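Notes for the one structure printed next.
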Amino acid sequence: MTTRHLYLARHGAADALGNLTDLGRRQAGLLGERLAGLPIDAVWHSPLPRAAASAHELARHLPDAPVAEAAELIDHVPYVPPAAEMPPARAGFFDGYDEAEAASGHKLAEALLARFAKAPDATDTHEVLVTHAFQIAWLVRHALDAPPSRWLGLNSANAALTVIHYRPGLPPTLVVFNDMGHLPAELRWTGFPDGIRP
């Protein structure tokens, strides 16, 4: 049975202006080393500089894999829940989002699923997506067939690895989520609020 192997990674640690830091480069390089033994067909990245730089850094360890931008991977809010679905603790999170912005974000999130969250046509594929926490959460929520609002609260550390498999006629399989085994202790859990880090 053919399988689409999606290797999802949040970009490495970035500064306040959204540029990859030296720490982020180290994280991305270590992720590239981890993926080096796999038959990676392509590395896709968000248009934002921190993701593009992370993708090129990790791709140094994947010399046969082309690197390209995918607009669907850009950082955005994938779904703004209506009031009935909104967890009370998250109510203020969406302050300032109007209906047009919410609709645009959801349209982009659906385009992300349409492009990447499906089984391959004929042969196995292995693709790395270097993106952002919200996009990984959206893909994980979809793989688990959870309600749309359940993307909230699923966070990913910088350069952590999430793997999802897609096969014809079967639901997606979440193989691993937020795995930081390739990172030394001092490079783990960046991208999470301090109070959430174990």
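Numbers here are sequence positions counted from 1. Treat the numbers as computed from the prediction; the structure is a model and nothing was measured.
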Do you know the tightest heavy-atom contact between Arg115 and Ala70?
NH1-CB, 3.6 Å
Hydrophobic cluster membership, Leu30 vs Ile136, 4.5 Å side-chain cutoff
no
I'd like to know whether CD of Glu99 has more than 12 heavy-atom contacts from other residues, nucleotides or ligands below 6.0 angstrom.
no
Output yes when a side-chain donor or acceptor of Ser54 lies under 3.5 Å from a complementary backbone atom of Gly12, and no otherwise.
yes
Compare all side-chain heavy atoms of Val130 with those of Leu58 and state whether any distance is below 4.5 angstrom.
yes
Donor-acceptor under 3.5 Å (Asn178 side chain, Ala157 main chain)
yes
In this structure, would Phe192 and Phe134 fall into the same cluster of hydrophobic residues linked by side-chain contacts under 4.5 Å?
no
Under the 3.5 angstrom rule, does the side chain of Thr3 hit a backbone N or O of Asp124 as a donor-acceptor pair?
no
Between the side chains of Glu85 and Tyr79, is a donor N or O closer than 3.5 angstrom to an acceptor N or O?
yes
Within 6.0 angstrom of Asp145 CG, more than 12 heavy atoms from elsewhere
no
Using 0.5 Å steps for rounding, measure from the NE2 atom of His182 to the CG atom of Leu161.
6.0 Å
Looking at every non-hydrogen atom in both residues, tell me the closest pair between Asp179 and Arg34 and how far apart they are.
OD2-NH2, 2.9 Å
Is there a side-chain contact between Ile164 and Val175 (heavy atoms, below 4.5 Å)?
no
Measuring from atom OH of Tyr166 to atom OG1 of Thr125, what distance do you get when rounded to the nearest 0.5 angstrom?
10.5 Å
Just by distance, no angles: are the side chains of Trp44 and Glu127 close enough, under 3.5 Å, to form a donor-acceptor pair?
yes
Between Phe116 and Arg4, is a side-chain contact (heavy atoms from CB on, under 4.5 Å) present by the stated rule, with each step listed?
CA-CA 9 Å; Phe116 291 109; Arg4 184 175 208 165; 3.8 Å; yes
For a 4.5 angstrom cut-off between non-hydrogen side-chain atoms, does Leu8 reach Val163?
no
Once you round to the nearest 0.5 Å, how far does CG of Leu23 lie from CG of Leu187?
5.0 Å
Please determine if Arg150 forms a cation-pi arrangement with Trp138, meaning its NZ or CZ atom is less than 6.0 Å from the six-membered ring centre and no more than 45° off the ring axis.
no
Donor-acceptor pair, Glu69 side chain versus Ser46 backbone, under 3.5 Å?
no
Do the side chains of Val67 and Leu6 join up, straight or via other hydrophobic residues, at under 4.5 Å, putting them in one cluster?
no
Is a donor on one side and an acceptor on the other found under 3.5 Å between the side chain of Asp41 and the backbone of His126?
yes
Heavy-atom pair of closest approach, residues Ala71 and Pro47
CA-CG, 4.0 Å
Ring centroid separation His45 to His11 under 6.0 Å
no
Do Tyr7 and Leu113 share a hydrophobic cluster, counting only Ile, Leu, Val, Met, Phe, Trp and Tyr and linking them when any side-chain heavy atoms are less than 4.5 Å apart?
no
Is there side-chain contact between Leu144 and His142, with heavy atoms separated by less than 4.5 Å?
no
Over 60° means perpendicular and under 30° means parallel, so classify the ring planes of Tyr97 and Phe94, tilted if in between.
perpendicular
If I compare all heavy atoms of Ala160 with all of Met180, which pair ends up nearest, and what's the gap?
CB-CG, 3.8 Å
Do we see a donor-acceptor contact under 3.5 Å between the side chains of Thr190 and Asn158?
yes
Separation between CG of Leu38 and CD1 of Ile40, rounded to the nearest 0.5 Å
5.0 Å
Separation between NE2 (His61) and CG (Leu35), nearest 0.5 Å, reads 10.0 Å
Step-by-step salt bridge (Lys or Arg N to Asp or Glu O under 4.0 Å) determination, Arg50 to Asp75:
CA-CA 11 Å; Arg50 58 191 180 271; Asp75 197 8; 3.2 Å; yes
Option among Gln135, Glu101, His132 that satisfies the side chain to side chain donor-acceptor pair (under 3.5 Å) test with His76:
Gln135
Non-hydrogen side-chain atoms of Leu152 and Pro81 separated by less than 4.5 Å
yes
For the residue pair Leu183 and Ala159, what are the closest heavy atoms and their distance?
CD1-O, 4.3 Å
Over all atoms of both residues, closest heavy-atom pair of Ala133 and Asn155:
CB-OD1, 3.5 Å
Group every Ile, Leu, Val, Met, Phe, Trp and Tyr by side-chain heavy-atom contacts under 4.5 Å, then state whether Val43 and Leu31 land in the same group.
yes
Less than 4.5 Å apart, side chain to side chain, heavy atoms only: is that true for Val77 and Trp151?
yes
Measuring from Thr162:OG1 to Arg10:CZ, what's the distance to the nearest 0.5 Å?
11.5 Å
